[in-house]
Amino acid sequence: MPVRIQTQDFDAGAEIAALRRGNPRIGAVASFIGVCRDVNDGGTVSKMTLEHYPGMTEKALEKIVAEAQGRWKVMEVLVVHRVGELKPTDQIVLVIVTGSHRGEAFAACEFIMDYLKTRAPFWKKEETPKGARWVEARTSDDEAAQRWEPPKSSAA
Amino acid sequence: MTIKVLYFASLREQVGTPGEDLDASPTTVAGLRTLLMARGGAWRSALAQGKALRVAVNQEMAQPTTPVKPGDEVAFFPPVTGG
């Protein structure tokens with residue numbers, strides 16, 4: 001299963017080792033880790049709570065991984081996303097992509113994160129000195145995801 | 001047969017429930033939204049047209065025109081903010 005939703009922390013080194021184990025064809029490993037910051041939109045964040053839609057979250061992530069594997073020549077993919085309460089410096093999300101060469105692994109890893117940010121049903125609520133607030137979606141995340149849309153075919 | 005309706009994140013807080021089994025027969029996502037808005041109060045403001053809302057039918061992202069039938073699971077939620 002290339003997708004895991006969990007409350008506990010993850011060990012990127014151990015996950016990469018497990019993904020690479022016994023596969024001498026792998027020549028590149030690209031990974032991304034998203035981390036909880038102590039500041040967002042000008043306010044101090046002391047804690048955040050991540051909510052998700054059990055069932056749909058896994059389906060949405062599996063669909064994104066399958067699409068990445070269809071677009072790029074990559075081998076193994078793992079996505080781990082935490083939910084529940086997180087504090088600044090805590091790890092939130094891990095994406096690992098293995099392949100023969102770095103170019104395809106880098107691209108697939110970035111694509112998975114861009115689509116996760118706009119299509120996987122997670123929501124962050126931050127605790128700030130002014131009280132709790134739901135994080136607003138960013139248009140920059142939509143723009144990042146749109147880069148991967150296939151170019152519109154011009155009318156003949 | 002009923003429709004299972006779910007609400008997440010800020011929308012869940014606004015309407016005051018994580019979900020319900022609805023005994024009604026709207027035919028589309030837009031029809032269901034209109035029916036829920038007709039409850040007035042927090043329902044009307046939380047689901048008002050023009051608010052950035054996403055909808056999933058049976059755990060797949062949906063559009064206002066997406067058909068809804070008895071037994072379906074329909075979820076309303078704000079734009080996602082994971083990662």
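Below, all heavy atoms of this structure are taken into account, side chains as well, without hydrogens, waters or symmetry copies. Below, read A as the first sequence line, B as the second, and so on, with proteins coming before strands; counting in each chain starts at 1.
- Enclosure of atom CD in B:Q63 is not indicated, since only 12 or fewer non-hydrogen atoms of other residues, nucleotides or ligands lie within 6.0 angstrom.
- Within the 4.5 angstrom heavy-atom criterion, only backbone atoms of A:R119 (N, CA, C, O) approach chain B.
- Atoms CD and OG1, on A:E51 and B:T81 in that order, are 9.5 Å from each other to the nearest 0.5 Å.
- Ranked by heavy-atom pairs under 4.5 Å with chain B, the first of A:V135, A:D142, A:V93 is A:V135.
- Cluster annotation: A:V65 is not connected to A:V29 through the hydrophobic network of ILVMFWY side chains, with a link wherever side-chain heavy atoms come within less than 4.5 Å.
- Residues A:M113 and A:V74 fall within the same hydrophobic cluster, defined by Ile, Leu, Val, Met, Phe, Trp and Tyr side chains chained together at heavy-atom separations under 4.5 Å.
- Under a hydrophobic clustering in which Ile, Leu, Val, Met, Phe, Trp and Tyr are joined whenever their side-chain heavy atoms come within less than 4.5 Å, directly or via other members, A:M56 and A:V79 fall into different clusters.
- A:V80 and A:V97 end up in different hydrophobic clusters when Ile, Leu, Val, Met, Phe, Trp and Tyr side chains are linked at under 4.5 Å.
- The shortest non-hydrogen separation linking B:F8 to A:P54 is CE2-CD, 4.5 Å.
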*Could you go step by step and tell me if B:M61 and A:K63 meet the side-chain contact (heavy atoms from CB on, under 4.5 Å) rule?*
CA-CA 12 Å; B:M61 293 302 281; A:K63 198 170 162 185; over 6 Å; no
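- Most heavy-atom pairs under 4.5 Å with chain A: of the set B:A75, B:A56, B:S10, this distinction falls to B:S10.
- Counting non-hydrogen atoms of other residues, nucleotides and ligands closer than 6.0 Å to CZ of A:R147 gives a total above 12.
- At distances below 3.5 Å, at least one donor-acceptor pair connects side-chain atoms of A:K117 with backbone N or O atoms of B:G82.
- If you chain together hydrophobic residues whose side chains sit under 4.5 Å apart, A:F106 and A:V77 never meet in one group.
- One distance of note links CZ of B:R12 with CH2 of A:W123; it measures 9.5 Å at 0.5 Å rounding.
- Residues A:K59 and B:N58 approach most closely at NZ-O, 4.1 Å, considering heavy atoms.
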